[in-house]
Amino acid sequence: MSLNATIRVEAEALVKEQMAHYDPSHDWLHVDRVRRQALKIAKEESLNGKKVDVELVELAALFHDIGDAKFHKEGQPTGREVVMAFLSRHSYAKADEVAKIVENVSFRKELAGIKNEWAENSIELHIVQDADKLDAIGAFGIMRCAAYSGYKNRPLYDPAEKAQLNMTYEQYQAQTKANAGCAISHFHEKLFRLKDMMKTPAAIKMAQKRHDLMVHFVEQIEQEYSMDE
């Protein structure tokens, strides 16, 4: 079932308003790319015989960055609260399901290693997670990493810095709190891991090309810095 036009228009307006407070790596254009990618994956999954609630996928993709932990400030409503308030006004029956996806979509949540039957089996969650990860890698991923590093005033490349490979949830949280880590380290610590975290066949296939582009990019950065060209 496709999303009700009124809900879509009002949801888009709400998301645009919320994303206006974020940096270019987490703006409305990012959300729209994730939404379109999620719908593409949902279509492919459906064609392969999977039962997918496309309406749920679109809403969750639209709201996936609402209340993002990187931008959330004390006293502000959580992503769940914003989503539930909006969908309750529209008497949307699956409001809680949308909110659950929004709460669980992030790399941070996956890194925490909290597993449950719903998260293991929700195809709609997997589709939105994969769509979000795909926008974090490849050409857009490179630009988004640089944009966020600039926003946080972090170095683009510090050759003296050693990336924390196989970063744990605790290390990720500590780094975020300290506003530490250069952009190139972020590739080694997170972005290079995303290819192997994809869950849907369509995303797994798309991820390889984007991953290879990032690897080439980082190699080029290191060659240019070392003057080894």
Side-chain angles (χ1 to χ4, degrees), residues 1-16 18-19 22 24-70 79-80 82-84 86-87 90 92-110 118-141 143-144 190-191 193-211:
M1 182 184 296
S2 61
L3 186 60
N4 176 279
T6 300
I7 295 180
R8 178 186 290 112
V9 169
E10 293 188 15
E12 289 175 349
L14 174 62
V15 174
K16 287 176 182 178
Q18 294 274 330
M19 298 301 105
Y22 295 177
S25 69
H26 295 82
D27 60 7
W28 160 250
L29 294 171
H30 158 67
V31 172
D32 188 47
R33 289 193 302 273
V34 171
R35 186 250 301 263
R36 291 189 294 112
Q37 190 69 263
L39 290 174
K40 178 182 178 182
I41 296 172
K43 182 178 180 179
E44 293 199 28
E45 289 293 290
S46 296
L47 290 173
N48 288 328
K50 296 285 184 67
K51 186 178 180 182
V52 180
D53 188 331
V54 178
E55 182 179 270
L56 183 58
V57 166
E58 182 170 5
L59 274 174
L62 278 171
F63 289 129
H64 83 275
D65 267 342
I66 297 291
D68 188 311
K70 294 187 292 296
R80 162 171 280 278
V82 173
V83 170
M84 291 299 293
F86 174 83
L87 294 177
H90 290 276
Y92 188 71
K94 296 184 178 180
D96 185 66
E97 192 80 0
V98 176
K100 282 176 70 175
I101 294 175
V102 171
E103 285 180 314
N104 288 277
V105 74
S106 70
F107 172 79
R108 187 185 308 266
K109 280 297 181 78
E110 288 193 82
W118 172 82
E120 291 292 310
N121 295 292
S122 173
I123 185 65
E124 291 82 13
L125 170 64
H126 299 168
I127 288 170
V128 179
Q129 285 178 321
D130 282 0
D132 192 31
K133 288 187 182 74
L134 283 169
D135 204 59
I137 62 177
F140 272 112
M143 291 196 297
R144 291 183 65 219
K190 176 183 176 181
L191 304 186
R193 300 171 69 173
L194 299 185
K195 172 179 69 71
D196 295 325
M197 294 175 68
M198 300 294 171
K199 298 180 172 69
T200 62
I204 291 169
K205 183 178 179 180
M206 285 185 279
Q208 186 64 57
K209 181 179 179 180
R210 300 185 186 205
H211 176 84

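For the single chain, residues carry numbers from 1 onward in sequence order.
Qualifying side chain to side chain donor-acceptor pair (under 3.5 Å) partners for Lys133, counting only residues two or more places apart in sequence or in other chains: Glu110. Every residue two or more places apart in sequence or in another chain that forms a ring-ring contact (aromatic ring centres under 6.0 Å, His included) with Phe86 is listed here: Phe63, His90. Partners of Ser106 by side-chain contact (heavy atoms from CB on, under 4.5 Å), not counting sequence neighbours, listed by chain and number: Arg108, Lys109. Taking Ala207 as the reference, Leu134, Ile137, Lys195, Met198 meet the side-chain contact (heavy atoms from CB on, under 4.5 Å) condition, with sequence neighbours excluded. With sequence neighbours excluded, the residues that form a side chain to side chain donor-acceptor pair (under 3.5 Å) with Asp32 are Arg35. With sequence neighbours excluded, the residues that form a salt bridge (Lys or Arg N to Asp or Glu O under 4.0 Å) with Lys50 are Glu45. Among residues two or more places apart in sequence or in another chain, the side-chain contact (heavy atoms from CB on, under 4.5 Å) test is passed with Ala119 by Asn116, Leu125. A search for side-chain contact (heavy atoms from CB on, under 4.5 Å) contacts involving Leu29 returns Asp27, Arg33, not counting sequence neighbours. Residues satisfying the side chain to side chain donor-acceptor pair (under 3.5 Å) test with Glu124, not counting sequence neighbours, are none. For His126, there are no ring-ring contact (aromatic ring centres under 6.0 Å, His included) partners, not counting sequence neighbours. Residues satisfying the side chain to side chain donor-acceptor pair (under 3.5 Å) test with Asp68, not counting sequence neighbours, are Lys70.
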Please set out all donor-acceptor pairs under 3.5 angstrom arising from side-chain atoms of residues 93-105, sequence neighbours excluded.
{"from": "Lys94", "atom 1": "NZ", "to": "Asp53", "atom 2": "OD2", "distance (Å)": "2.5"}
{"from": "Asp96", "atom 1": "OD1", "to": "Arg80", "atom 2": "NH1", "distance (Å)": "2.9"}
{"from": "Asp96", "atom 1": "OD1", "to": "Arg80", "atom 2": "NH2", "distance (Å)": "3.1"}
{"from": "Glu97", "atom 1": "OE2", "to": "Trp118", "atom 2": "NE1", "distance (Å)": "3.1"}
{"from": "Glu103", "atom 1": "OE1", "to": "Arg80", "atom 2": "NE", "distance (Å)": "3.2"}
{"from": "Glu103", "atom 1": "OE1", "to": "Arg80", "atom 2": "NH2", "distance (Å)": "3.3"}
{"from": "Glu103", "atom 1": "OE2", "to": "Arg80", "atom 2": "NE", "distance (Å)": "2.9"}
{"from": "Asn104", "atom 1": "ND2", "to": "Lys100", "atom 2": "O", "distance (Å)": "2.7"}

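Remark: the backbone N or O of Val128 is not paired with any side-chain donor or acceptor of Asp132 at under 3.5 angstrom. Checked by atom type and distance alone, the side chain of Asp130 pairs as donor or acceptor with a backbone atom of Thr200 at under 3.5 Å.
When all heavy atoms of Ala131 and Ala38 are compared, the pair lying nearest together is CB-N, 3.5 Å.
The NE2 atom of His30 lies 12.5 Å from the CE atom of Met143; values are rounded to the nearest 0.5 Å. For the atom pair CZ (Arg36) and CG (Asp135), the distance works out to 9.0 Å, reported to the nearest 0.5 Å. Atom CD1 of Ile127 is separated from atom NZ of Lys40 by 13.5 Å, given to the nearest 0.5 angstrom. Between His64 atom NE2 and Leu59 atom CG the span is 13.5 Å, to the nearest 0.5 Å. Note that CD of Gln129 and CD1 of Ile41 are 11.0 Å apart. Values are rounded to the nearest 0.5 Å.
Residues Arg193 and Phe107 meet the side-chain proximity criterion, which asks for heavy atoms closer than 4.5 Å. Between Leu191 and Leu194, the closest side-chain pair of non-hydrogen atoms falls below 4.5 Å. Side-chain contact between Trp28 and Asp65 is absent, with no heavy atoms from C-beta onward closer than 4.5 Å.
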Inset, instruction - Please lay out, stage by stage, how Glu44 and Lys205 fare under the test side chain to side chain contact (heavy atoms under 4.5 Å, CB included). - result: CA-CA 12 Å; Glu44 293 199 28; Lys205 183 178 179 180; over 6 Å; no
